[in-house]
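What follows is a structure written as structure tokens; I'll ask about it next.
Chain identifiers are assigned alphabetically (A, B, ...) following the order of the sequence lines, protein sequences preceding nucleic acid strands; residue numbering begins at 1 within each chain. FYI, side chains are in, hydrogens and waters are out, and symmetry mates aren't considered; it's all heavy atoms of this structure.
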Protein chains: 4
Amino acid sequence: MPTPRAAKQSHAAPAPREGLVERRRAQILAHAIRHFAKEGFASANLDQVIADIGCGKGTIYRYFKSKDDLFRAAVDEVMRGLLEATAPAAGLDPLEQLREAVTGYLRYFARHPEYVELLMLERAEFRTREEPTYFAYRRTHSRRWDATFTRLMREGRLRRMPVRRVVDAVGNMLYGVLFTNHFSRVRPDPARQAGELLDVLLNGLLAPGGQDARAIPAGVGRARPRAQGRRGT
Amino acid sequence: MPTPRAAKQSHAAPAPREGLVERRRAQILAHAIRHFAKEGFASANLDQVIADIGCGKGTIYRYFKSKDDLFRAAVDEVMRGLLEATAPAAGLDPLEQLREAVTGYLRYFARHPEYVELLMLERAEFRTREEPTYFAYRRTHSRRWDATFTRLMREGRLRRMPVRRVVDAVGNMLYGVLFTNHFSRVRPDPARQAGELLDVLLNGLLAPGGQDARAIPAGVGRARPRAQGRRGT
Amino acid sequence: MPTPRAAKQSHAAPAPREGLVERRRAQILAHAIRHFAKEGFASANLDQVIADIGCGKGTIYRYFKSKDDLFRAAVDEVMRGLLEATAPAAGLDPLEQLREAVTGYLRYFARHPEYVELLMLERAEFRTREEPTYFAYRRTHSRRWDATFTRLMREGRLRRMPVRRVVDAVGNMLYGVLFTNHFSRVRPDPARQAGELLDVLLNGLLAPGGQDARAIPAGVGRARPRAQGRRGT
Amino acid sequence: MPTPRAAKQSHAAPAPREGLVERRRAQILAHAIRHFAKEGFASANLDQVIADIGCGKGTIYRYFKSKDDLFRAAVDEVMRGLLEATAPAAGLDPLEQLREAVTGYLRYFARHPEYVELLMLERAEFRTREEPTYFAYRRTHSRRWDATFTRLMREGRLRRMPVRRVVDAVGNMLYGVLFTNHFSRVRPDPARQAGELLDVLLNGLLAPGGQDARAIPAGVGRARPRAQGRRGT
DNA sequence: GATGAATGAGTGTTCATTCAT
DNA sequence: AATGAATGAACACTCATTCAT
């Protein structure tokens with residue numbers, strides 16, 4: 001008993017079910033991410049990807065213009081997820097918001113270790129691209145926090161310093177933690193690690209009221225007597 | 001009495017110019033680093049490298065077993081330099097030593113921006129290797145600081161916390177700064193940046209004596225109501 | 001009811017021309033045999049092969065995994081033909097069967113002189129392989145004759161001796177003739193040569209009833225007084 | 001106390017001991033034979049040869065013009081030995097002489113299995129050469145036997161047939177045995193095998209006085225009614 | 001829409017040979 | 001005579017991309 005739509009698939013089926021195209025794309029993307037993460041960009045073989053998916057070679061090229069394109073889409077997908085995972089929760093105290101975002105960030109990569117690989121790969125492979133997606137993302141995204149931190153300084157809760165420095169401090173720390181976690185075997189709990197990390201960042205390493213406080217680093221950068229050699233490079 | 005070196009040759013004299021081999025190796029390495037940094041590992045073309053050097057193709061293979069081997073040697077070279085650049089200066093106060101090391105680190109990569117590329121490339125290309133050279137270096141190298149930080153804590157100059165956390169905090173921050181510097185156009189002065197960076201790390205972001213001090217982050221990690229399960233993807 | 005093959009394709013039709021793949025494979029094989037025979041394995045250049053065929057380089061690799069693989073396939077092809085050419089004709093007297101097989105063998109290589117080259121090449125190039133294809137073929141194939149010769153002995157038509165010796169005598173003679181024919185300029189008629197060859201093998205070289213018959217060789221192998229030098233080997 | 005010849009070796013020693021050059025040549029040749037036999041011509045690596053010998057790369061080229069030249073010399077060396085091993089013993093009955101020569105042939109290759117490899121390699125590699133050394137050797141060498149066999153026929157001890165056929169029969173059988181021995185695991189005693197082999201060759205396979213004697217093969221070659229099919233290749 | 005056979009540019013690597021010392 | 005650093009021609013193999021069916 002043919003359905004009404006049966007006739008039109010007589011010898012070539014144009015989208016039998018709605019959303020099939022979207023699902024195909026997502027399927028390809030998922031497999032591609034796995035392969036890229038595992039093999040690296042150059043070593044990843046599209047033949048293996050299609051073998052995994054079980055489709056023909058040409059099919060991938062219906063959805064993505066090229067291997068590069070596919071890779072970019074994969075990275076974008078990762079970033080989209082990261083943006084979602086670090087979206088500030090409304091209605092919370094700013095510092096709580098920050099803690100949530102940091103936790104979200106750590107949890108995101110803890111759940112998808114292969115995404116860390118993608119981040120590295122992107123930079124390694126697309127040297128021509130002006131700026132890696134991750135840093136583009138970070139630059140854009142971090143603006144969300146500028147106002148927050150500025151306000152906290154005005155309220156006297158944060159020390160006064162260029163707001164960029166605050167944002168970068170958090171961003172850099174997170175980026176470093178990302179890879180340290182990835183390469184070490186330990187898989188710390190994201191929430192706990194977010195707490196420890198923010199504890200250091202907010203309160204600093206020095207003992208409170210100690211002799212060094214506000215002393216040593218303040219001296220830094222004053223005189224630099226040592227010769228720098230050929231500055232250039 | 002013949003010259004000391006006369007005896008070792010039975011009746012023939014190869015007698016290559018002394019140090020020629022070492023210089024060749026260094027020359028190849030330098031050119032290779034430049035090319036890898038600029039093109040990436042996979043895209044780097046050995047034909048171009050030899051064209052630059054002005055030697056035959058086989059020559060490279062006299063000094064390095066393969067392209068991989070050449071790349072590894074390049075990374076090792078970078079690490080050797082980094083170790084040298086961050087060697088703790090004797091006779092300084094520990095925190096001054098730290099400041100010197102951080103400055104050395106930043107200055108090293110400020111002078112050789114292409115080395116940052118190498119670091120990324122290594123991770124991207126040699127996914128089979130258990131641990132990237134940089135992290136192997138860092139793990140080994142950071143032990144040098146364990147004793148120092150432990151003592152500072154005992155003396156009450158640093159807050160008491162697991163020493164690993166301190167070391168990682170510095171390492172992660174540096175690693176993050178490395179890439180942020182690299183991808184942003186700004187090229188801050190290493191000594192100044194070391195100072196700012198340590199200021200944040202040592203003193204923290206919070207205003208001294210403020211309401212938040214030792215409060216917010218402490219609360220972190222207490223309750224984690226959300227289910228962690230392995231959420232799927 | 002759709003055509004029988006309609007069901008197997010969901011909604012797309014690759015539908016390659018039937019037999020195209022097989023013909024391609026055969027075409028490549030034929031050209032490869034010619035090239036290998038003419039140039040030898042190591043010197044044979046796949047670029048020239050594809051130039052002859054008129055296809056792209058990758059095409060060969062769709063059908064054969066490597067140059068080695070291609071060569072092996074070429075030798076196998078030769079052996080397949082040889083097996084066919086020497087298949088015993090049913091219903092003939094055993095000695096007539098033998099004559100037919102020998103003729104078939106000689107005719108096969110007389111028609112395809114380049115196949116002799118392949119046989120030599122295989123041995124020369126694949127020293128790691130336990131046993132050359134030709135000898136593997138011969139070992140297997142010669143079993144077909146064991147029963148025949150055994151019966152002939154039992155019937156008193158052949159002299160009693162280990163059946164292996166008979167089979168080997170024929171096989172060795174044929175192998176020798178193969179190369180002698182190949183390297184000398186004469187191209188004797190296969191049927192005539194088979195007759196001459198079997199005449200010698202069956203009747204022997206000695207004059208009938210002569211003084212030497214069953215005498216000289218019988219003495220062989222009795223005492224071996226001469227020193228063998230270092231036996232080793 | 002310097003010898004009179006001491007002065008001339010002041011800084012380069014031209015042939016300190018007489019015969020050193022010859023010994024060097026022989027040494028290189030011996031190592032080369034081993035390597036060629038083991039690896040094949042194309043795969044044999046001169047670097048390994050010199051490593052084995054313990055001399056410099058250039059040295060080989062002082063003694064042999066090229067790799068080809070070295071290989072040819074190696075084969076010639078093998079043939080020289082074979083000629084020696086099969087030299088007819090004077091004062092023996094011709095059939096005894098033959099038996100001795102055959103035994104010598106088999107013993108030679110039994111002692112030096114790798115020489116068999118060389119024979120194959122020569123043919124495989126030097127396809128341009130008109131005639132392989134082995135067959136050139138055989139052609140020349142076999143003339144030694146023409147007179148002998150002719151005389152035996154005249155004396156009625158051998159059946160009358162073209163003398164070439166006799167010589168070839170022996171030569172082909174030997175060549176075949178050579179490889180059969182080489183590829184099978186059995187290592188028969190040369191003298192015994194020579195006896196068995198000559199027994200078959202001289203007395204034939206047929207039972208004496210049997211029905212088949214002088215019958216079957218005689219009919220061979222008469223009419224060849226069978227169609228040859230597509231003659232070409 | 002889907003397929004997979006065909007393509008060919010691109011490149012790492014080998015190794016016989018040369019020659020300055 | 002001997003050495004071994006340098007050379008560069010040669011070649012198998014890969015894989016992203018295309019397109020006829």
Return the nearest nucleotide to the side chain of D:Lys67; candidates are F:dT7, F:dA9, E:dT17. E:dT17

Figure out the CD1/C1' separation between D:Ile50 and F:dA5, and round it to whole Å. 12 Å

Measuring from atom CD1 of B:Ile60 to atom CG of B:Leu29, what distance do you get when rounded to the nearest 0.5 angstrom?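 The CD1 atom of B:Ile60 sits 10.5 Å away from the CG atom of B:Leu29.
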
Taking NZ, NE, NH1 and NH2 as the nitrogens, is one of them in B:Asp76 or B:Arg80 under 4.0 Å from a carboxylate oxygen of the other?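 No salt bridge links B:Asp76 with B:Arg80.
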
Taking only Lys NZ, Arg NE, NH1 and NH2, and the carboxylate oxygens of Asp or Glu, determine whether A:Glu117 and B:Arg123 approach each other closer than 4.0 Å. yes

Whole-Å distance separating the CG atom of B:Asn45 from the P atom of E:dT13: 12 Å

So, OP1 or OP2 of E:dA5: does either fall under 4.0 Å of a side-chain N or O from C:Tyr63?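 Negative; the distance criterion is not met.
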
For the side chain of D:Leu46, counting heavy atoms from C-beta on, which of E:dT7, E:dA16, E:dT13 is nearest?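 The listed nucleotide nearest to D:Leu46's side chain is E:dA16.
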
Test item: C:Lys67 side-chain N/O and C:Phe41 main-chain N/O as donor-acceptor pair under 3.5 Å: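 It does hold such a pair.
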
Interatomic distance, A:Glu39 CD vs F:dC15 C1' [rounded to whole Å]: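 Between C1' of F:dC15 and CD of A:Glu39: 14 Å.
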
Selection from F:dC13, F:dT7, F:dA16 that lies nearest to any side-chain heavy atom of B:Cys55: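 So the nucleotide nearest the side chain must be F:dT7.
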
Selection from E:dA6, E:dT3, F:dA6 that lies nearest to any side-chain heavy atom of B:Thr59: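 The answer is F:dA6.
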
Given F:dA9, F:dC11, E:dA2, identify the nucleotide with an atom nearest to the side chain of A:Arg62.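 The answer is E:dA2.
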
Taking CD from C:Gln27 and P from E:dA5, how many angstroms apart are they, rounded to a whole number?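 After rounding, the reported distance stands at 16 Å.
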
Shortest side-chain distance from C:Ser66, nucleotide among E:dT11, F:dC13, E:dG4: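 The closest nucleotide is F:dC13.
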
Residue mapping more 5' on DNA chain F - nearest nucleotide basis, A:Tyr61 or C:Phe41: C:Phe41

In the strands shown, is E:dT21 matched to any nucleotide by a Watson-Crick or G-U wobble pair with both distances under 3.5 Å, and which? F:dA2

Counting the atoms with a prime plus P, OP1 and OP2 as sugar-phosphate, which does D:Ala44 contact under 4.0 Å by heavy atoms, base, sugar-phosphate, or nothing? sugar-phosphate

Taking CZ from B:Arg25 and C1' from F:dA5, how many angstroms apart are they, rounded to a whole number? 16 Å

In whole Å, I'd like the distance from the CZ atom of D:Phe64 to the P atom of E:dT18. 16 Å

Taken to the nearest whole Å, CG/D:Leu70 to P/E:dA16 is 10 Å

Mind checking the CD-NE2 spacing from D:Gln48 to D:His31? Nearest 0.5 Å is all I need. 13.0 Å

Report yes or no: is there a donor-acceptor pair, N or O only, under 3.5 Å between the side chain of C:Lys57 and the base of E:dA9? no

Judged by each residue's nearest nucleotide on DNA chain E, which is more toward the 5′ side, C:Ile60 or B:Asp68? C:Ile60

For E:dG12, the Watson-Crick or wobble partner whose two distances fall under 3.5 Å: F:dC11

Relative to the ring of A:Phe71, is the ring of A:Phe36 parallel (under 30°), tilted (30 to 60°) or perpendicular (over 60°)? perpendicular

Let me know the distance between CG of C:Asp47 and C1' of E:dT7, rounded to the nearest Å. 14 Å

In terms of the nearest nucleotide of DNA chain F, which residue is placed more toward the 5' end: C:Lys65 or B:Gly56?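 This one resolves to B:Gly56.
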
